[in-house]
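This report concerns only the one structure given below.
Atoms considered below: every heavy atom in the structure, side chains included; atoms not considered: hydrogens, waters and symmetry mates.
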Amino acid sequence: MSETRDEGIIEENLNEILRVRREKLAKLRQAGKDPFKITKFNPTHKSITILNEFESLENQEVVIAGRIMTKRVMGRASFAHILDSEGQIQIFVQINELGKEAYEDFKAMDIGDIIGVKGDVFRTKKGEISVRAKEITLLAKSLQPLPEKWHGLKDTDLRYRQRHVDLIVNPDVKKTFIIRSKVIQQIRNYLDARGFIEVDTPILHNTAGGAAARPFITHHNTLDIDMYLRIATELHLKRLIVGGFDKVYEMGRIFRNEGMSIKHNPEFTSIELYQAYADYEDMMDLTEDMIATVAKEVLGTTQIEYQGQPIDLTPPWKRMTMIDAVKEYTGIDFNSFTEDEEAARALKEIGIDLDKPVTWGEALNIAFEERVEDKLIQPTFIINYPVEISPLAKRMNEDPRLTYRFELFITGRELANAFSELNDPIDQKERFMEQAKQRAAGDEEAHMMDEDFVNALEIGMPPTGGLGIGIDRLIMLLTDSYSIRDVILFPTMKPRD
RNA sequence: GACCCAUUAGCUCAGCUGGUAGAGCACUUGACUUUUAAUCAAGGAGUCCGGCGUUCGAAUCGCCGAUGGGUCACCA
């Protein structure tokens with residue numbers, strides 16, 4: 001091994017590609033051309049702007065900057081493609097424009113290097129809009145080779161672990177995250193325009209409430225207490241309704257210590273919003289209008305396709321009670337049962353085995369989840385959920401076994417969950433106590449008792465509609481992404497040895 | 001958590017019933033002043049995911065493990 005340690009950058013045992021690039025960097029430094037000493041560069045144009053506005057820019061001087069993606073050297077003239085944040089543009093490099101030394105420097109540059117190019121816009125003989133380089137500045141040396149130019153990076157492990165490389169070589173990935181950003185922006189626009197205010201509630205919770213999920217536990221050293229990463233924003237947002245904000249929302253990260261799948265990541269983004277003096281019907285209206293509006297703003301249409309299935313987001317969306325949905329798909333009419341046992345027997349008759357006794361409401365929900373949920377492809381609001389599984393929703397006046405709650409299903413997946421919020425503190429406390437019983441019986445996902453929240457309800461919360469939407473799943477739908485990992489920039493990964 | 005599949009050069013992938021590790025891109029050297037998967041010539045590049053075993057001999061067969069993907073379970 002050659003011990004060229006003077007520059008501190010030639011390490012031993014590197015493969016040839018890495019060694020060669022480090023040697024090139026060392027040479028640049030020796031020649032006083034260290035690219036990493038450059039602090040600033042001022043491009044005047046983006047690649048796509050030049051392509052789009054060629055007529056007015058032809059023969060004009062522009063300055064662009066970006067990454068070399070391809071390079072074709074032919075003796076005294078060369079072509080390369082430069083990738084910037086918007087796209088790619090070709091540059092044409094000739095020895096008699098640059099001079100011998102600069103041309104040799106260019107020839108030594110590698111795919112992956114970041115360069116700045118000053119030159120005139122023109123069209124090549126083959127018709128491609130290009131920049132004829134008059135000056136090329138190396139702005140950063142790339143010491144690692146990029147993946148191959150036409151297959152890109154396919155290995156999912158590498159794509160998720162090295163998202164920066166994925167973004168460079170797979171243009172669709174960047175497109176997905178641009179849409180993600182726009183969707184989030186449009187949701188904010190929509191709500192802001194309707195008088196909602198965006199708030200930030202704590203992520204570190206003393207009680208992990210607002211959902212049925214196992215939390216991540218962490219520790220605060222000074223207070224010497226365990227704390228939970230939030231599993232929902234619900235209980236704090238409702239406190240704000242008590243406090244007199246009539247319309248609030250929070251979009252942010254939620255953490256659930258549960259399994260991972262194409263639909264689940266341990267940390268994900270939700271939006272919850274609450275509107276005083278509104279009910280769950282209002283929340284349905286808002287949900288379908290907001291999602292359709294966002295789709296139109298971002299994609300230009302409410303007719304989309306998800307994994308080959310056409311999906312029509314044009315409102316109004318189908319609304320169906322859970323009882324009717326179960327009746328439609330299984331023939332079982334839960335309205336006809338008055339006893340828990342009858343309901344359980346009906347499940348057995350359609351081949352659903354139970355490992356423990358269930359209530360009427362639990363049986364209804366099991367029938368729905370087992371036999372209906374994945375068939376709801378077009379947007380469908382399933383309304384009126386059993387009270388046992390809805391400890392934060394208001395009981396229906398018409399049937400105290402049910403609540404004013406809905407979930408939204410699209411492509412067989414739950415996208416939103418909403419209710420007329422339970423604001424009766426006595427009922428809320430009883431529901432928490434029921435949950436606490438289940439928790440004591442070993443259900444780690446049952447809700448925790450939150451006395452402080454009950455106290456807030458005792459102060460008095462107006463009738464309120466609340467809505468939660470899984471942002472990642474919405475983005476999956478709108479970007480036709482198969483896995484939640486394709487809409488999260490840095491999905492949770494196991495560390496490698 | 002269970003089961004199935006994958007892991008070979010920087011990347012994308014071949015590698016048959018066990019017999020000297022391959023291709024394309026990328027890289028190096030040379031030629032080339034309008035290429036665009038540039039071309040032509042030559043060259044270098046490997047912990048075949050890791051460990052153990054079977055065997056005269058293992059990328060290939062077996063067992064254990066790692067990571068990823070998928071299906072199921074879990075996720076009101």
Side-chain angles (χ1 to χ4, degrees), chain A residues 13-21 23-24 69-81 88-98 103 107-108 110-112 122-130 132 142-162 165-166 168-170 210-214 231-232 256-266 268 322 358 361-362 364-366 368-369 373 385-393 403 405 407 413-414 417 419 431 435 438 443-447 470 482-483 485 491 493-497:
Chain A
N13 299 324
L14 291 175
N15 83 28
E16 191 202 2
I17 295 176
L18 300 186
R19 201 186 62 243
V20 165
R21 292 203 177 191
E23 282 166 3
K24 285 180 178 177
M69 295 303 287
T70 63
K71 200 167 158 239
R72 295 173 291 281
V73 175
M74 294 162 298
R76 294 178 171 77
S78 303
F79 292 88
H81 275 96
Q88 294 202 16
I89 190 164
Q90 180 170 264
I91 62 167
F92 179 46
V93 186
Q94 286 169 294
I95 193 165
N96 41 4
E97 284 280 352
L98 284 191
Y103 190 75
K107 275 168 63 175
D110 290 298
I111 290 172
F122 78 112
R123 200 189 276 275
T124 63
K125 277 183 190 167
K126 294 281 167 71
E128 181 164 346
I129 295 164
S130 307
R132 189 192 310 271
S142 171
L143 297 179
Q144 298 265 353
L146 285 177
E148 200 215 0
K149 60 188 161 194
W150 63 85
H151 292 105
L153 186 65
K154 286 193 169 162
D155 185 315
T156 45
D157 188 22
L158 280 179
R159 287 188 44 226
Y160 297 145
R161 284 181 203 279
Q162 300 194 34
V165 178
D166 191 27
I168 292 167
V169 299
N170 296 325
R214 273 191 288 178
I231 57 173
R256 294 187 183 173
N257 203 340
E258 286 166 354
M260 294 158 70
S261 77
I262 54 168
K263 294 184 288 184
H264 299 89
N265 195 64
F268 62 99
M322 186 180 264
V358 294
E362 286 165 343
L364 171 61
N365 185 53
I366 289 168
F368 174 75
E369 288 185 347
E373 204 175 297
Y385 276 60
V387 69
E388 302 91 310
I389 58 162
S390 313
L392 301 166
T403 58
R405 173 186 180 185
E407 286 191 346
R413 290 176 184 167
E414 178 197 340
N417 179 22
F419 7 104
R431 304 249 205 120
Q435 291 287 316
Q438 289 175 25
D443 182 356
E444 284 182 78
E445 279 150 8
H447 287 237
Y482 176 68
S483 168
R485 294 184 154 202
M493 302 290 282
K494 250 191 186 178
R496 283 191 144 162
D497 294 341

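The phosphate of B:rU36 has neither OP1 nor OP2 within less than 4.0 Å of any side-chain N or O from A:Lys125. Dashed line: the shortest gap from a side-chain N or O of A:Lys149 to OP1 or OP2 of B:rA38 is under 4.0 Å. Put simply, A:Lys494 has a side-chain N or O that comes within less than 4.0 Å of OP1 or OP2 on B:rU67. Between A:Arg76 and B:rU33, a side-chain N or O to OP1/OP2 separation shorter than 4.0 Å is present.
Within the 4.0 angstrom heavy-atom criterion, only backbone atoms of the sugar-phosphate kind lie near A:Thr156; the bases stay farther away. When heavy atoms are screened at a 4.0 angstrom cut-off, A:Lys71 is found touching no nucleic acid atom at all. A:Arg405 comes within contact range of at least one nucleobase, with a heavy-atom separation under 4.0 Å. When heavy atoms are screened at a 4.0 angstrom cut-off, A:Val73 is found touching base atoms of the nucleic acid. At a threshold of 4.0 angstrom between heavy atoms, the contacts of A:Pro386 with the nucleic acid are absent. Residue A:Arg159 is out of contact with every strand shown, counting any heavy-atom pair closer than 4.0 Å.
For the P atom pair drawn from B:rU55 and B:rG62, the interatomic distance equals 16 Å after rounding to whole Å. B:rA21 and B:rA45: their P atoms are spaced 14 Å apart (whole Å). Taking the C1' atom of each, B:rC4 and B:rA42 are spaced 46 Å apart, rounded to whole Å. Going from the P atom of B:rU28 to that of B:rC52 covers 38 Å, rounded to whole Å. Taking the P atoms as reference points, B:rC25 lies 36 Å from B:rU67, given to the whole Å. Here, B:rG24 and B:rA9 have their C1' atoms 12 Å apart, quoted to the whole Å. Nucleotides B:rU71 and B:rC16 are separated by 29 Å at their P atoms, to the nearest Å. Rounded to a whole angstrom, the distance from the C1' atom of B:rA26 to that of B:rC13 is 14 Å.
At whole-Å resolution of the value, CD in A:Gln162 and P in B:rG68 are 14 Å apart. As rounded to whole Å, 12 Å separates atom C1' of B:rC75 from atom CD of A:Glu407. The CZ-P distance, from A:Arg132 to B:rU34, rounds to 12 Å in whole Å. Distance, A:Glu23 CD to B:rU28 C1': 11 Å, rounded to whole Å. If you measure from atom CG of A:Leu18 to atom P of B:rG46, you get 12 Å, rounded to the nearest angstrom. Summarising the geometry, the separation between CD1 on A:Ile389 and P on B:rC75 is reported as 12 Å, rounded to the nearest angstrom. Atom CE in A:Met74 sits roughly 18 Å away from atom P in B:rA41 (whole-Å rounding). Rounded to whole Å, atom P of B:rU35 lies 19 Å from atom CD of A:Gln88.
The nucleotide whose nearest atom lies closest to any side-chain atom of A:Glu16 is, among B:rG68, B:rC32, B:rG44, B:rG44. Among B:rU28, B:rU35, B:rG68, the nucleotide with an atom closest to any side-chain atom of A:Phe79 is B:rU35. Side chain of A:Asp157, nearest nucleotide from B:rU33, B:rG68, B:rU34: B:rG68. Distance from the side chain of A:Tyr160 is smallest for B:rG69 among the nucleotides B:rA76, B:rU34, B:rG69. Candidate nucleotides B:rA76, B:rG68, B:rU35 were compared by shortest atom distance to the side chain of A:Asn365, and B:rA76 ranks first. Distance from the side chain of A:Ile111 is smallest to B:rC27 among B:rU33, B:rC27, B:rU34. Distance from the side chain of A:Arg21 is smallest for B:rC27 among the nucleotides B:rU36, B:rA76, B:rC27.
The aromatic rings of A:Tyr385 and A:Phe368 sit perpendicular to each other, their planes meeting at more than 60°, with 30° as the lower class boundary.
Residues A:Met260 and A:Arg485 form a side-chain contact, since some pair of their non-hydrogen atoms from C-beta on lies under 4.5 Å apart. Side-chain contact between A:Val165 and A:Leu158 is absent, with no heavy atoms from C-beta onward closer than 4.5 Å. By the 4.5 Å heavy-atom criterion applied to side chains, A:Asn96 and A:Arg76 are not counted as neighbours. Under the 4.5 Å side-chain criterion, counting only non-hydrogen atoms from C-beta, A:Lys149 is not in contact with A:His81.
In terms of polar N and O atoms assigned as donor or acceptor, the side chain of A:Glu128 never comes within less than 3.5 Å of the base of B:rU34 in a complementary pairing. For A:Thr124 against B:rU35, a side-chain-to-base donor-acceptor contact under 3.5 Å is present.
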- Query: How does each nucleotide of nucleotides 8-13 of chain B score, in 5' to 3' order, for protein heavy atoms under 4.0 Å: base (B), sugar-phosphate only (S), or none (-)?
  - Reply: --BBSS
Anything under 3.5 Å between a protein N or O and an N or O of nucleotides 71-74 of chain B, put it in a table, one pair a line.
from: B:rU71; atom 1: OP1; to: A:Tyr482; atom 2: OH; distance (Å): 2.9

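Annotation: of the two residues near RNA chain B, A:Lys263 and A:Arg123, the 5′-most nearest-nucleotide partner is A:Arg123.
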